[in-house]
Amino acid sequence: MAGELLKRASLAGWSRPEKAIAAAIVLVTAAIVAVLVGGARVLPWQTGAEVRIDRQDQVRSAATAGVLAFLDVDYHDMEARMKRVQALSTGTFKKEYASTAVDLKAAAEQAQAVSVGTVKHVAINRLTAQQAIVLVTASNVVSNSDTAATKATTECPHAGARCDQYRFVVTVSRVGSRWLLSDLAGVS
Amino acid sequence: MTRPGPRLVVLSSVLVVAVATLGLLGWRAARDDVAPGGQLTSSGQRASIMAEAARVTTLAMSWRAASSDADIAAAKAVMTKRMAAAYDATLPEAGGRAAQAKQKVAVTAVVAPLTSATSQPETCTPQLCSVALLSASAERAVALLFVNQTASATGTTNTVVSPTWEIVTLVKRHGDWLLDEMVAP
C-alpha cells in the first residue's frame with residue numbers, strides 16, 4: 001500500500017511533457033500564493049503606487065535639503081553656502097536667489113549673522129511626475145550683532161541667539177533625474 | 001498522430017487556469033493605488049482626506065462664546081472619544097462662558113491660503129489652502145496644516161492673530177474621517 005502511494009507520488013509512469021507541466025503548475029501556484037500574500041511588493045516590476053511612493057521620498061529629501069541650505073547662514077563663509085543653495089535649486093527661485101546673492105552676503109557679514117535651521121515636518125500637498133508642492137515647518141536659531149545680549153529662555157534655550165519658527169510652501173521641480181527647489185515662500 | 005492522454009489534457013487545463021489567475025492577480029496588484037505598506041497614492045483620495053482635515057481642524061479650533069453649546073457639539077461630532085476628552089480640557093470654564101458671550105468673544109480658525117495670491121477661500125481644498133499629508137492609509141491619516149487663529153471681542157480694538165501649524169491625526173470610523181489627535185508646535 002505504502003509502496004503504491006510512493007510510486008504514484010514519484011510520478012512514475014508520467015510522460016516527460018506531463019512532468020514538465022506538473023512542475024510548471026507548482027511554480028505558478030507558488031507565484032500565486034506569493035502575490036496573494038505579498039501583493040505588489042513581490043512583482044518583478046515597480047508598480048505605479050511604488051513609483052509614486054519613491055517620488056514622495058525624493059521630493060521630501062529635496063525639500064528638506066533645499067530649506068536647510070536656505071536657512072544655513074554663516075558670515076565667515078557665505079560663498080560655499082550660497083553655492084549650495086544654487087546647486088539645489090532651479091528656475092525662478094534660482095534666478096531670484098542669484099540676483100540677491102551679493103546683498104545677502106553683505107548683509108550677513110555686516111550683521112555677523114550665523115543661522116542654523118532644523119526641518120521639523122515635510123508634508124506633500126500635491127505631486128505630479130514633474131512638480132510637487134510641499135509644506136515644510138522649520139525652526140531656526142539665529143545669532144547676529146543684535147542678539148548678542150539675548151538671554152536664554154525656556155522657549156529659546158540659546159543665549160545670544162533668537163529662535164524663529166517658519167512655515168514654508170515649497171515647490172520642487174524635476175530636472176532630469178533630480179528634484180530641485182523651484183520656489184520657496186514663507187506663509188505669514 | 002496520437003491524441004494526448006486525459007492526464008495531459010487535465011494538466012494543461014490546470015496550467016492555463018493557473019497562469020490566467022496569476023496574470024489577473026499581478027495586473028490587479030500593479031493597478032492598485034495602495035502602495036506596499038498601505039500608503040494611499042491616488043491624488044483624488046489624498047485630496048479628499050486633505051479637504052476633510054481642513055474642515056475638521058477649523059471646526060475644532062473655532063469657537064464663539066455666544067453659541068458655545070452648538071459650536072462645541074459641532075466640534076465634538078467630528079472627533080473620536082479620545083480627542084473629545086482632550087478638547088474638553090481646552091474649553092473655557094462653563095461659568096465664565098456667559099460673561100464671554102456678553103463680550104462676544106470669538107475664536108476663528110482658518111487654514112492659511114496656499115499662496116499669497118490666493119484670498120481666503122470659504123471651503124478649503126488642497127489647491128487653495130495650506131494643508132498636506134505626512135502619511136495616509138485607508139484607515140489613518142496624518143496631516144500638516146498652517147492655521148491662522150483670530151481672537152476677537154467687543155470692547156477691544158485689536159483682534160489677535162496667531163499663525164501656527166497643527167499636526168492632526170484622522171481615523172476612519174464607519175466611513176467618516178474623525179479627528180483623533182491634534183499636536184501644535
Side-chain angles (χ1 to χ4, degrees), chain A residues 13-15 17-36 38-56 60 120-128 132-137 139 165-169 171 183 185-188, chain B residues 4-5 7-8 10-43 46-47 50 112-117 126-127 129-136 142-148 161 163-165 167 185:
Chain A
W14 286 37
S15 67
E18 287 170 344
K19 286 179 182 173
I21 292 173
I25 290 170
V26 170
L27 286 175
V28 174
T29 305
I32 288 172
V33 171
V35 173
L36 284 173
R41 192 180 286 122
V42 301
L43 294 176
W45 64 88
Q46 208 178 23
T47 66
E50 288 174 308
V51 168
R52 287 190 285 275
I53 290 291
D54 278 358
R55 210 177 279 156
Q56 286 182 12
R60 282 195 193 96
K120 294 190 166 182
H121 307 101
V122 182
I124 294 175
N125 168 279
R126 206 177 313 163
L127 174 61
T128 67
I133 295 176
V134 182
L135 301 193
V136 177
T137 65
S139 61
Q165 305 268 10
Y166 290 111
R167 312 187 298 182
F168 290 120
V169 175
T171 306
D183 194 21
V187 178
S188 54
Chain B
R7 189 192 290 145
L8 188 61
V10 170
L11 286 170
S12 301
S13 304
V14 170
L15 181 60
V16 168
V17 170
V19 168
T21 305
L22 179 60
L24 181 67
L25 287 173
W27 178 75
R28 282 180 56 180
R31 276 174 46 95
D32 200 345
D33 282 328
V34 181
Q39 286 298 300
L40 299 177
T41 65
S42 150
S43 55
R46 291 172 61 86
M50 283 186 259
L114 192 60
T115 68
S116 55
Q127 287 77 27
C129 290
S130 299
V131 53
L133 289 176
L134 290 159
S135 66
V142 183
L144 167 65
L145 301 101
F146 294 165
V147 180
N148 293 337
V161 180
T164 186
W165 67 70
I167 304 291

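The chains referred to below are lettered A, B, ... by the order of the sequence lines, with proteins before strands, and numbering in each begins at 1.
- Chain B forms the most heavy-atom pairs under 4.5 Å with one residue out of Ala185(A), Ala31(A), Gly48(A), and that residue is Ala31(A).
- Between Thr137(A) and Pro185(B) the shortest side-chain heavy-atom distance does not fall below 4.5 Å.
- Neither the backbone nor the side chain of Val10(B) comes within less than 4.5 Å of any heavy atom of chain A.
- Residues Leu144(B) and Lys120(A) have side chains not in contact (no heavy-atom distance under 4.5 Å, counting atoms from C-beta outward).
- In this structure, Val169(A) and Ser130(B) have side chains that are in contact, with non-hydrogen atoms separated by less than 4.5 Å.
- Proximity to chain A (any heavy atom under 4.5 Å) is shown, for Ala18(B), by both the backbone and the side chain.
- In terms of heavy-atom pairs under 4.5 Å with chain B, the best-connected choice from Arg55(A), Gln46(A), Gln56(A) is Gln56(A).
- Contact check for Leu114(B) versus Arg126(A): side-chain heavy atoms found under the 4.5 Å cut-off.
- Counting heavy atoms from C-beta on, the side chains of Leu133(B) and Ile124(A) never come closer than 4.5 Å.
- Between Val136(A) and Phe146(B), the shortest heavy-atom contact is O-CZ, 3.6 Å.
- For Ser43(B), no part lies near chain A; criterion is any non-hydrogen pair under 4.5 Å.
- In this structure, Ala112(B) and Val187(A) approach most closely via the heavy-atom pair CB-CG1, 3.8 Å.
- With a 4.5 Å cut-off on non-hydrogen atoms, Ile167(B) touches chain A through its side chain but not through its backbone.
- Within a 6.0 Å sphere centred on CZ of Arg28(B), heavy atoms belonging to other residues, nucleotides or ligands number 12 at most.
- The minimum heavy-atom distance linking Thr164(B) with Arg167(A) is given by the pair O-NH1, 2.6 Å.
- Partner of Leu15(B) under the side chain to side chain contact (heavy atoms under 4.5 Å, CB included) criterion, out of Leu27(A), Thr29(A), Ile25(A): Ile25(A) alone.
- Annotation for Asn125(A) and Met50(B): closest pair O-CE, 3.1 Å, computed over non-hydrogen atoms.
- Leu11(B) and Ile21(A) get closest at one heavy-atom pair: O-CG2, 3.5 Å.
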